[in-house]
There are 2 protein chains.
Amino acid sequence: MQTLRRIPYYHQILSDMEQKGEQFVSSKYLAHFFHVDDTQVRKDVSVIGYKGKPKSGYSVSGLKGAIGDFLGINTENTAILIGVGRLGSALIEYPGLSEYGLKLVAVFDSNPVKQDKVIGGFTVLPMESLKRVIQSFDVGIAIITVPKNAAQGVCDLVVEQNIKAIWNFAPTQLSASADVTVRNENMAVGLALLSHYLKKRKAESAIFA
Amino acid sequence: MQTLRRIPYYHQILSDMEQKGEQFVSSKYLAHFFHVDDTQVRKDVSVIGYKGKPKSGYSVSGLKGAIGDFLGINTENTAILIGVGRLGSALIEYPGLSEYGLKLVAVFDSNPVKQDKVIGGFTVLPMESLKRVIQSFDVGIAIITVPKNAAQGVCDLVVEQNIKAIWNFAPTQLSASADVTVRNENMAVGLALLSHYLKKRKAESAIFA
DNA sequence: TAGATTGTTAATCGATTAACAATC
DNA sequence: TAGATTGTTAATCGATTAACAATC
């Protein structure tokens with residue numbers, strides 16, 4: 001569903017507008033960021049279940065709040081993080097997590113050298129503690145920041161413990177059964193898309209030269 | 001175009017398979033990662049312009065190469081990076097960039113304290129040098145890793161210099177004219193989507209409880 | 001009031017899947 | 001040869017846009 005992909009961006013735009021003190025926003029304004037029709041935005045908003053006012057548009061804070069409720073980021077989601085390397089450490093200290101309703105409850109690493117160290121207030125736990133922690137905290141999301149070759153193994157491990165949402169930062173495509181949501185964050189994808197765009201552009205300008 | 005979004009993932013999967021020494025892959029196997037029909041994969045492959053062999057499938061290395069050509073990552077794209085903070089510095093040293101055909105030619109920061117420092121082999125340049133560098137290197141991509149509030153300004157600046165592809169890591173939605181491609185990398189989006197999924201799941205299990 | 005903007009139904013467009021022949 | 005898998009056309013499904021009434 002494309003609507004669902006746009007909604008987090010709306011939220012971000014509305015946060016920025018709120019900070020600038022804007023009160024209202026029109027569907028036309030929101031649409032221009034996505035290069036889509038403003039009808040599309042109004043339809044997206046109706047999915048969220050929010051109502052605007054003819055002539056003035058949508059209340060910035062009202063719509064932002066409705067999106068937060070819709071996405072479930074206004075309530076807390078518990079998470080664990082596995083793999084305390086460079087990226088993992090950065091994520092642990094990233095303030096954006098709590099801003100979006102994520103509450104880290106524990107961090108893990110299979111390397112004994114890293115265990116018992118404290119990072120961002122968390123003591124790094126051994127993988128053996130995984131089962132116990134997931135069960136006692138009712139963990140919703142597992143964040144995977146282990147090296148590429150270890151990622152699928154870790155994924156299988158947490159799925160076994162009944163985790164249903166995985167946020168994968170290892171540069172590999174994880175596979176899990178359809179009832180588990182895997183979000184693969186992968187910088188190479190963005191890079192590849194930009195590269196393709198530039199290539200097409202060059203080809204076109206060659207034709208019209 | 002959804003096909004275009006899947007293609008970089010195919011590339012990643014094929015790289016992994018190549019490393020493991022796999023020779024052939026079927027459309028069915030590729031399809032299962034995306035939870036789509038295998039017909040879809042065959043259609044995607046036809047867009048790339050590659051041919052498989054009935055019964056055996058697609059050559060892993062052959063298809064990988066064809067995707068590389070299609071995406072333009074087999075040839076070099078020049079890039080600059082603006083904003084040498086924590087994330088910017090990490091990106092400069094990230095080996096994945098060159099793996100996907102990106103060649104960094106210069107890095108910038110508006111903070112005089114950071115200028116003249118050397119990071120990953122690059123001397124940090126002042127913003128004043130932007131124009132000169134872009135013109136003399138025929139720069140294709142601008143990577144923006146400045147703080148949120150500075151991002152749109154930097155975006156306008158590089159668009160003025162005729163840059164047509166922007167890779168934005170600042171957590172804000174940049175806007176540019178339709179002929180400029182902006183890729184917004186935004187962790188909050190992934191988080192929001194996972195959160196929504198969990199919320200929906202909870203609601204459903206409440207209904208069927 | 002007139003004009004701007006929302007909300008919604010119908011029409012169009014694009015993406016996905018079904019069906020099946022071609023082929024190794 | 002028989003079976004598996006590709007490639008492609010037709011059918012279906014979903015997302016986007018066009019049209020327009022409702023309303024502040």
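Protein chains get the first letters and strands the later ones, always in sequence-line order, with residue 1 at the start of each. Nothing here was measured: the structure is a model prediction, and the numbers come from that model.
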Query raised in the report: Residues two or more places apart in sequence or in another chain: which of them pass side chain to side chain donor-acceptor pair (under 3.5 Å) with A:T39?
Result: A:D37

Requested in this report: Give each stem of DNA chain C as a range with a range, requiring at least 3 consecutive Watson-Crick or G-U wobble pairs whose two distances are under 3.5 Å.
Outcome: C:3-24 with D:3-24

Report summary line: Hits for side chain to side chain donor-acceptor pair (under 3.5 Å) against B:T172, two or more places apart or cross-chain, chain-then-number order -> A:D16

**Report entry** Residue list, side chain to side chain contact (heavy atoms under 4.5 Å, CB included) with A:S59, at least two apart or on another chain
**Finding:** A:F24, A:Y50, A:S61

Query raised in the report: How many angstroms lie between atom CG of A:L193 and atom CG of B:L71, to the nearest 0.5 angstrom?
Result: 7.5 Å

Query - With B:K131 via side chain to side chain contact (heavy atoms under 4.5 Å, CB included) - residues at least two apart - result: B:Q135, B:Q161

Query raised in the report: Hey, do the aromatic rings of A:Y10 and A:F34 have their centres closer than 6.0 Å?
Result: yes

Query raised in the report: When the ring planes of B:F33 and B:Y29 are compared, do they come out parallel, tilted or perpendicular, using 30° and 60° as the limits?
Result: perpendicular

**Report entry** Contacts of type side chain to side chain contact (heavy atoms under 4.5 Å, CB included), residue B:S46, not counting sequence neighbours
**Finding:** none

Query raised in the report: Can you list the residues that meet the side chain to side chain donor-acceptor pair (under 3.5 Å) rule with A:Y58, with sequence neighbours excluded?
Result: none

Requested in this report: Output the residues of residues 13-30 of chain B in contact with DNA chain C, where contact means a heavy atom of the residue under 4.0 Å from an atom of the strand; sort by number or write none.
Outcome: none

Query - Partner residues of A:D138 under the side chain to side chain donor-acceptor pair (under 3.5 Å) criterion, sequence neighbours left out - result: none

**Report entry** Residue pairs involving residues 131-181 of chain A (criterion ring pair (Phe, Tyr, Trp, His ring centres under 6.0 Å); sequence neighbours excluded)
**Finding:** A:W167-A:F169

**Report entry** Residues within residues 189-197 of chain B bordering DNA chain C, heavy-atom distance below 4.0 Å
**Finding:** none

Requested in this report: Would you give a per-nucleotide map of nucleotides 15-24 of chain C, 5' to 3', where B means the base has a protein non-hydrogen atom under 4.0 Å away, S means only the sugar-phosphate does, and - means neither?
Outcome: SBBB----BB

Query raised in the report: Taking atom CD of A:E76 and atom CG of A:L102, what is their separation to the nearest 0.5 Å?
Result: 8.5 Å

